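Here is the structure we will look at.
Sequence lines set the chain letters: A, B, ... in the order given, protein chains first and strands last, and positions in each chain run from 1. Quick caveat, the model's predicted, so the values are computed rather than measured.
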Number of protein chains: 2
Amino acid sequence: MEQILVIDDDDDLRTTIIEVLEQEGLTAHPAENADLALNLLKKHPYHLVLLDMVMPGTDGMTAIPLIRQQAPRTRIIAMTAFSSAENAVQAMQRGADDYLVKPFKIDALMLSIRQNLQEARFQECHKDTDMDDVFQGLSNVLRRQILIFLHRQGMTRFMDLVRALEVEDHTKVNFHLKVLREVGFIEQNAHKQYSLTNSGERAAECLSFISKNI
Amino acid sequence: MEQILVIDDDDDLRTTIIEVLEQEGLTAHPAENADLALNLLKKHPYHLVLLDMVMPGTDGMTAIPLIRQQAPRTRIIAMTAFSSAENAVQAMQRGADDYLVKPFKIDALMLSIRQNLQEARFQECHKDTDMDDVFQGLSNVLRRQILIFLHRQGMTRFMDLVRALEVEDHTKVNFHLKVLREVGFIEQNAHKQYSLTNSGERAAECLSFISKNI
DNA sequence: AGATGTTGTGAAGAATCCTTCACAACATCT
DNA sequence: AGATGTTGTGAAGGATTCTTCACAACATCT
């Protein structure tokens, strides 16, 4: 069952939204401010949060990165009555996945929720690569260089990659490309160009996270 | 020198922006439509593109993911005269890094450019400090289990660790402890209890980061 | 002292990972 | 067509990593 957290200080609206969500067969919990919400998120995993931007105490804009930090995989839909393009951009830059302008139709809300839950589920099933595969992919210097190069460069053809990495024996690169393909980090398009899959992108981001943090 | 690509069908605006950027000491190239821009991006790496949303031919909104795919690390600043929150959200969801509403002050443009270039540069510093040791330490299931256990548990004696991990042969654990010690992730105190060093703590945090994000 | 449990070493072999080599299919250019 | 460059396979062997085994120093308990 999909778990949803509704963060809004307006009692009526919060209750209404929760009733609608439960009618739609989703499980929804209320939180009347951001701090309570963060506590709930600490204890329990949610698939998605609906977050009001304007609240007493910690406001929504501030809360976004805190929620992101606490629950990196949880979808965040920002809601606001005072909308502007600048505000929307800021919310997205801080990590919101969508941004709804009040008053919205229930249909619009449900559409956004359904889409975000589905994308999350898609990424989830793409995540079935286990930690072991990840480390299998990352456990070799050349493979890490390939990942980083493709992360920076995007689509690249085989020999260009070989030359960029300054490897004399191209079959060596081939061997490691095969490993990366088997692990699901890279793929080839119709023109035989290599690029990262999204799980490969995430792996490359992990690499940069590690190199930053070690 | 920072390379910038200005994509706009309005000749006057394009020229003006390029002049300003060059006065600021940046290198800027023009492209009057999205297809020309994609060709330029294929040939040459840019740090940042300024992208008009409304153009004949491939429009800006369509171009964003294409640019993203061709040049994943290039910053994209979307520009539009017809702004709405919905439009801004869509641009960000497709991969824009910022979204400016025309007419904008030159100062606002330069601020966004400077910020984006700086963040990009920050992410760039990928210095391959001995990542090899790190991965040496993390490249084995049992070693990862040991790290995670010590991260949760703190100081632990040898046989307690062996039993907690349910390994039948204690010398196996010993072997991996030795590796972890050589890499500098763990240490022993006077009572022969094992615990994480601070670099070991950081490694364990990387592990949990990875398991959250993959 | 003797029995039991803890902590550790070193070496041999197994398993895995990586490199190298020989070669081949295919595209592109002259 | 022939030459050149690109992309790829498979097998052999070398290198590294992991497991297992035999054993030993030391503490603790009875």
Nearest-neighbour nucleotide for the [X] side chain, [options] considered:
X        : options               : answer
B:Arg163 : C:dT6, D:dT9, C:dC18  : C:dT6
A:Gln136 : C:dC17, D:dT7, D:dT19 : C:dC17
B:Phe158 : D:dT7, D:dT20, C:dG8  : C:dG8
B:Asp169 : D:dT7, D:dT9, D:dC21  : D:dC21
A:Thr171 : C:dA22, C:dG8, D:dT7  : C:dA22

Side-chain N,O ([X]) to OP1/OP2 ([N]) below 4.0 Å:
X        : N      : value
B:Lys192 : C:dT7  : no
B:Arg143 : D:dT17 : no
A:His176 : C:dT19 : yes
A:Gln188 : D:dG8  : yes
A:Asn140 : C:dC18 : yes
B:Tyr194 : C:dT6  : no

### Query
With the threshold set at 4.0 Å, does a side-chain nitrogen-carboxylate oxygen contact exist between B:Arg14 and B:Asp52?
no
#### Entry: Which residue lies more 5' along DNA chain D, comparing A:His170 with B:Glu168 via nearest heavy atoms
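Of the two residues, A:His170 wins.
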### Query
Please give, in whole Å, the distance from D:dC18 C1' to B:Asn174 CG?
14 Å
### Query
Paired with D:dC26 by Watson-Crick or G-U wobble geometry, both distances under 3.5 Å: which nucleotide is it?
C:dG5
### Query
Counting only Watson-Crick or G-U wobble pairs whose two distances fall under 3.5 Å, which nucleotide matches D:dA12?
C:dT19
#### Entry: Full working for side-chain contact (heavy atoms from CB on, under 4.5 Å) between B:Thr74 and B:His47
CA-CA 5 Å; B:Thr74 297; B:His47 296 87; over 6 Å; no
### Task
Give the minimum heavy-atom separation between A:Leu147 and A:Ala204, together with the two atoms involved.
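Smallest interatomic distance, heavy atoms only, reads O-CB, 4.4 Å.
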### Query
Does A:Tyr46 have its ring centroid less than 6.0 Å away from the ring centroid of A:His44?
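Ring-ring flag for A:Tyr46/A:His44: true, centres closer than 6.0 Å.
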